[in-house]
Amino acid sequence: RRLGAVTDDSGAQLTPLGRKLARLQVHPMLGKMLLLGGLFRCAQPVLTVCAALGYKSPFLCPLGKEAEANAAKRALAGDSGSDHVALVAAFDGWSREGGRFAS
């Protein structure tokens, strides 16, 4: 009901959004993110965030280098302070470098 996918608490009646979400093979929250990403013309970063939400964080915190790792993550997030923005920036950088990891 919180997603606007059903008309009542029983979930027996789907809304138009609910019918679209039911056709997607992903969690309804991720499905709504994907649909809204398309509507707002920001599908690429939303796809990146949705894909990453299904797995462990790609940001490693090596023992003894936590401060350095956190500073790098903050730099990726910029003024937004958002983990999602940091994730998209990291993926974009990784893609630009041909899918190579930093050494």
For this session: Answer yes or no: is there a side-chain heavy-atom contact under 4.5 Å between F59 and D83?
Result: no
Problem set entry | Side chain T48, main chain V88, donor-acceptor under 3.5 Å | no
For this session: Spell out, as yes or no, whether a donor-acceptor pair under 3.5 Å connects the side chain of E66 to the backbone of G64.
Result: yes
For this session: Not counting sequence neighbours, list each pair that qualifies as a salt bridge (Lys or Arg N to Asp or Glu O under 4.0 Å) and has a residue in residues 84-97.
Result: E97-R100
Exercise. Which heavy atom in C61 sits nearest to a heavy atom in N70, and how many Å separate them?
Worked result: SG-OD1, 3.9 Å
Seminar exercise, completed: For S82, the side-chain contact (heavy atoms from CB on, under 4.5 Å) test, sequence neighbours excluded, returns S80, H84, V85
Seminar exercise, completed: Heavy atoms of G31 and L24 approach each other most closely as CA-CD1, 3.8 Å
Problem set entry | Heavy-atom pair with the smallest gap, counting every atom of C42 and P45 | O-CD, 3.2 Å
Exercise. L76 and A90: which non-hydrogen atoms are nearest, and at how many Å?
Worked result: CD1-CB, 3.9 Å
Problem set entry | Minimum heavy-atom distance P58-L87, with the two atoms named | CG-CD1, 3.4 Å
Problem set entry | Joint hydrophobic cluster, V49 plus V26, side-chain heavy atoms closer than 4.5 Å | yes
Exercise. Just how far is it from atom CD of Q13 to atom CZ of R19, taken to the nearest 0.5 Å?
Worked result: 7.5 Å
For this session: Taking the side chain as every heavy atom from C-beta outward, state whether L21 and L35 have any pair of such atoms under 4.5 Å apart.
Result: yes
Exercise. Considering only heavy atoms from C-beta outward, does the side chain of M33 approach that of L53 to under 4.5 Å?
Worked result: yes
Exercise. Closest heavy-atom contact between L3 and L17?
Worked result: O-CD2, 3.1 Å
Exercise. Hey, what else clusters with L36 if you join Ile, Leu, Val, Met, Phe, Trp, Tyr whenever side-chain heavy atoms sit under 4.5 Å?
Worked result: L39, F40
